[in-house]
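Let me begin by presenting the structure, written as structure tokens, before commenting on it.
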Amino acid sequence: MAKIVVVTSGKGGVGKTTTSAAFASGLALRGYRTVVIDFDVGLRNLDLIMGCERRVVYDLVNVIQGEAKLQQALIRDKRCESLYVLPTSQTRDKDALTTEGVTAIMDELRKEFDYIVCDSPAGIESGALMALYHADEAIVVTNPEVSSVRDSDRILGILAARSRRAEQGEEPVKEHLLLTRYSPKRVEGGEMLSLEDVKELLHTPLLGVIPESEVILQASNQGIPAVHMDHSDVAEAYKDMVARFLGEERPLRFVQPVKVGFFKRLFGG
Amino acid sequence: MANPPASSAETGAPLRLSGGVFTLSILHLESADPRQLAQRITEERQRHPAAADFHRHAPIVLDLSAIPEEAPLALAEILQVLRAADWFPVGLRNAAPRHQALAQEQHLPILRGQERGIAPHSQPEASPVLAPIAQGSLLIDHPIRGGQRSYARGGDLICLAAVNAGAEIMADGNIHVYGPLRGRALAGVNGQEEARIFCANLEAELVSVAGLYRTLETNHPLWGQAAQIYSRDEQLHIIPLNL
């Protein structure tokens, strides 16, 4: 049975799309048939991060409005055989999504895929509600700062009240916390909330910690999901996170400041 | 031009607008027929003259939850009947959208709280309830998150987990919070002045008992500690919870 996973946060710019791309790619690398859907109608970033923006012909809104078949809108990823991207429209607005239309698409995708990853827009309006409505599990992306934690708390409440599972009285959506842009050095300096602070504030099981890194910027500019940035902290952290999601045990990495050696400090890195 | 009397307008002081909490009587309208209402009021007053006396000149809120949306509502006549009965109608609640428009014509405000049969979408996100303990009491065993509201109508609210910033918990009775209390807690919301708030870790944004309220800053002497909050002589007291 296919699992629907929403990547959400409430706040913008915390790394939802980066995470959606890396997570979906990570699942596909493990051999799962995966599709990642961009719900951010009107802004359309996922296809850029996935490096398939020039192959977008039809999109989510076309399918919902019956102008294209689902198969026509799905784009196969160029790196992973079993990964597909369902891009969104840049010319429509969020009201183009209808509950019935999204439900129909989910039902059809469920037959074909193991995992359906929904990249939610920021905010708590209709687009975000559509993205989380069908979710079986949720990855709440949070930055180690107060406003991001506050918004994540809000979206966790909405997940518990407004998802399909909540409305139909089923088992609640399984929640995961992903801490992104984590800089152990800045935590040590008191500029950022620590991992423990965030865990204490949100009471949500931790799926992983993604370190703050320039590699993310390089990856998104080149249209490469971060999990493919070999030999980088970020790729390793995303692989750990996927492994934990699949039920494997992995120790937390990249949460301690890097010790700079005496010579390196003396002569520069 | 004659000199106007010295006023605060001259001194440039802003208008004084402040908040207040009032207890108002609510009249549940049984039918949309004004004549029937008049008759019911007369009957009732003959039966309980003392109560009638007590309610004379009372401000009153009209609850329309029993009036179906499509029913024609002669609001102007109904208001006349109420005024003739020495009541002062001050607002409507639970009015259907069509009736809300009528209220506007009569310059009557729509009061909030307890909404009428609404689509599940427009509801505030209610927290799932674990189990009722006593009548009206509410036991919650999971964090109450920002934006969520929980209300123990007619009883105590007991929360075994955190009440996060931006969340609001309310009870007609007492409130007990065993996780950190970071949101707002309002006890005795229907006017019960003996209600208290007990918490293991006071970091609340606002605490209130029977309409008396105060906000808290991080420099409060009991910040982060076990505390109880109660009202006495129109004053809110926050004291350590020494057990």
Neighbour count above 12 (heavy atom, 6.0 Å) for B/Gln235 CD: no
So for atom CD, which belongs to A/Gln168, do other residues, nucleotides or ligands contribute more than 12 heavy atoms lying within a distance under 6.0 Å? yes
Nearest non-hydrogen partners of B/Gly147 and A/Arg154, listed with the distance: CA-NH1, 3.5 Å
Engaged part of A/Leu201 at the chain B interface, taking heavy atoms whose separation is under 4.5 Å: both
Between A/Ala160 and B/Gln148, which heavy-atom pair has the shortest distance, and what is it? CB-NE2, 4.3 Å
Around atom CD of A/Glu67, are there more than 12 heavy atoms of other residues, nucleotides or ligands at under 6.0 Å? yes
Where do B/Pro143 and A/His203 come nearest, in terms of heavy atoms and distance? CG-CB, 3.9 Å
Within the structure provided, determine whether B/Arg145 and A/Thr204 are in side-chain contact (heavy-atom separation under 4.5 Å). yes
Give a yes or no on this: more than 12 heavy atoms of other residues, nucleotides or ligands lie within 6.0 Å of atom CD of B/Gln106. yes
For B/Arg98, does the CZ atom have more than 12 heavy-atom neighbours from other residues, nucleotides or ligands under 6.0 Å away? yes
A/Ile124 portion near chain B, given a 4.5 angstrom heavy-atom threshold: neither
